[in-house]
Protein chains: 2
Amino acid sequence: MESLTIGRLARLGGVNLETIRYYEREKLLQEPPRTPGGYRLFPTETVRRLRFIKRAQELGFSLSEIRELLALRMKPGSRREHIRARAEAKIADIEQKIRTLTSMKNTLRNLTERCDGCGPLSDCPILESLDEEVSE
Amino acid sequence: MESLTIGRLARLGGVNLETIRYYEREKLLQEPPRTPGGYRLFPTETVRRLRFIKRAQELGFSLSEIRELLALRMKPGSRREHIRARAEAKIADIEQKIRTLTSMKNTLRNLTERCDGCGPLSDCPILESLDEEVSE
DNA sequence: GTAAACCCTGTACCTAAGTACAGAGTCAAG
DNA sequence: CTTGACTCTGTACTTAGGTACAGGGTTTAC
C-alpha cells in the first residue's frame, strides 16, 4: 500500500497543507503512522476523504457534522440500532436540503422563462416568492 | 402597508437584532426608511427575505452568493440576457448540489439497509465509498 | 410628563475554519 | 556528505459571519 507525505496529500486533495494538520487535530482524519524521523505517512485513500470533506462543506455541513457523518462508519463498538437512527436522521436532513434546493431551482427556472417574455425585470417579483415556496 | 421596528423584525425572522443591522451594512437588506427620530421601519416582507437568507446559508451559500441570488431580481437596469446567464449559472450550481446530496443520501440508505443484515459495522466500508460516488 | 422598553451609532469581541510563519529537524539526489 | 526541498511543533494571524456592550436618544403606556 502506497503512502503519501503531507505535501503530496495536500496537492492531490486540493487543500492547503496546514489544513490537513488542522483536520487531524479536529479528528476528521485519524493520526497517521510516522517515519522514524516523525514525518506523517498517509494512506492514499485519505485523498478521497479530503474530497468528501470539501464537498460536504459546500453543501453546508459544518466540520462537526461531517465528523459525525464519517463516524457512522468508523465506530466498531456502537450498536446497530443507534447508528441506524443517526443515519436516518442524516437522511432526513439531506432530503430537506434537496427539497429546498429543488424549489430554489424551480423559482430560478421560472425567472428565466418568464423574463424571456417580459421587459425590464424591475417588477418581476419572482424571487420575492422564493422564501415562501421554500418554507416548511 | 404595515411596517416593523428592528426588534419585531428580529423576533419574527428568528435572528438576532444585530444581525439585521449587519445584513443592512452588507447590502443583503436595503436601507429602510426611518422615523423622524431615526428608528428603522422595515416593510413586512423583510421577514421572508430574512428566512430566505437563513435557508440559503444552510445550503452552503455564502452571504455574497446570496446577495447575488437576491440581486437577480432587484436590478432594474441590467440586461435580460445578462441576468438570464447568471440565473442559468445558479441553476447549474444548484443541480450539482442536488446530485451530490442525492448520492450521499443513497449511500446512507445503503448503509442502513445493508447493516440490518450484517453484524458489527467495523468492516462495512460503505461510507468510504461516498467520496467516490460523489466525485464529478 | 415620566418610566420602561426600544432603538441609535460605534467599537470591541467571539467562533469556526483555516493560514502563516519561525526555528529546528529529516530526506533524498548528486 | 552535503544542499535543497520537505516536514516537524508551536504560536500567532486572518476571514466570514455574526454578537455584545456603552453611552445616549426615542416611543409608548400609563
Side-chain angles (χ1 to χ4, degrees), chain A residues 2-44 46-47 49-71 93 131, chain B residues 2-44 46-47 49-71 93 131:
Chain A
E2 268 299 305
S3 59
L4 300 169
T5 62
I6 195 169
R8 264 180 216 296
L9 174 59
R11 278 191 296 279
L12 291 172
V15 303
N16 189 299
L17 181 149
E18 314 276 358
T19 301
I20 293 172
R21 291 200 267 251
Y22 174 69
Y23 285 172
E24 187 183 327
R25 283 200 298 288
E26 295 296 314
K27 312 288 186 197
L28 286 149
L29 302 177
Q30 56 208 122
E31 296 186 15
R34 306 276 186 131
T35 65
Y39 281 26
R40 288 168 180 82
L41 288 176
F42 291 92
T44 49
T46 314
V47 177
R49 177 170 285 239
L50 280 180
R51 295 213 255 250
F52 170 70
I53 294 171
K54 277 177 59 182
R55 250 161 237 290
Q57 276 188 303
E58 283 162 17
L59 294 165
F61 293 97
S62 68
L63 291 187
S64 51
E65 287 171 320
I66 295 169
R67 197 187 294 112
E68 280 183 62
L69 277 170
L70 291 168
D93 275 14
D131 29 19
Chain B
E2 269 297 303
S3 61
L4 300 169
T5 62
I6 194 169
R8 265 179 214 297
L9 174 59
R11 277 192 296 280
L12 291 172
V15 304
N16 189 299
L17 181 149
E18 315 275 359
T19 302
I20 292 172
R21 291 200 269 252
Y22 174 69
Y23 285 172
E24 186 183 325
R25 282 200 299 288
E26 296 296 315
K27 315 285 185 200
L28 286 149
L29 302 177
Q30 57 207 122
E31 295 186 17
R34 306 277 185 130
T35 65
Y39 281 26
R40 288 169 180 82
L41 287 178
F42 291 92
T44 49
T46 315
V47 177
R49 178 171 284 240
L50 279 180
R51 295 214 255 250
F52 171 69
I53 294 170
K54 278 177 60 183
R55 250 159 237 290
Q57 275 188 302
E58 283 163 16
L59 293 166
F61 293 97
S62 68
L63 292 187
S64 51
E65 288 170 319
I66 295 170
R67 198 186 293 112
E68 282 183 59
L69 279 170
L70 291 168
D93 274 14
D131 29 17

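Every chain is numbered from 1, with letters handed out A, B, ... down the list of sequences. The structure displayed is predicted, hence computed values, not measured ones.
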Using a cut-off of strictly less than 4.0 Å, decide whether [X] has a side-chain nitrogen or oxygen near OP1 or OP2 of [N].
| X | N | result |
| --- | --- | --- |
| A:Thr35 | C:dC27 | yes |
| B:Thr19 | D:dG17 | no |
| B:Ser64 | D:dA16 | no |
| B:Arg40 | D:dT26 | no |
| A:Thr5 | D:dC6 | no |
| A:Tyr23 | C:dA17 | no |

Which of the following nucleotides, D:dT27, C:dT19, C:dC7, is nearest to the side chain of B:Leu17? C:dC7

Nucleotide nearest B:Tyr39 (side chain, heavy atoms from C-beta), chosen from D:dC8, D:dT27, D:dC6: D:dT27

Please compare B:Arg21 and A:Arg25 by the position of their nearest nucleotide in DNA chain C and report the one closer to 5'. B:Arg21

Nearest-nucleotide comparison on DNA chain C, the residue closer to the 5′ end among A:Pro36 and A:Glu18: A:Glu18

In whole Å, I'd like the distance from the [atom1] atom of [X] to the [atom2] atom of [N].
| X | N | atom1 | atom2 | result |
| --- | --- | --- | --- | --- |
| B:Arg8 | D:dT27 | CZ | P | 14 Å |
| A:Ile6 | D:dC8 | CD1 | C1' | 9 Å |
| A:Glu65 | C:dA16 | CD | C1' | 12 Å |
| B:Tyr22 | D:dC21 | OH | P | 19 Å |
| A:Arg34 | C:dC27 | CZ | P | 12 Å |
| A:Asn16 | D:dT7 | CG | C1' | 14 Å |
| A:Ile66 | C:dA16 | CD1 | P | 14 Å |
| B:Leu28 | D:dG17 | CG | C1' | 11 Å |

So, A:Arg51 side chain and A:Gly14 main chain: donor-acceptor pair closer than 3.5 Å or not? no

If only atom types and distance count, is the side chain of B:Glu58 paired as donor or acceptor with the main-chain N or O of B:Arg55 below 3.5 Å? no

Is a salt bridge present between A:Arg21 and A:Glu18, judged by a nitrogen-to-oxygen distance below 4.0 Å? yes

Counting any heavy atom closer than 4.0 Å, what does A:Gln57 reach on the DNA or RNA strands: base, sugar-phosphate only, or nothing? sugar-phosphate

To check you understand the geometry: which heavy-atom pair defines the closest contact between A:Leu28 and A:Arg49, and what is its length? O-NH1, 3.3 Å

Just wondering, more than 12 heavy atoms not from A:Arg8 lying within 6.0 Å of its CZ? no

Between B:Gly38 and A:Gly7, which has a closest nucleotide on DNA chain D that is more 5'? A:Gly7

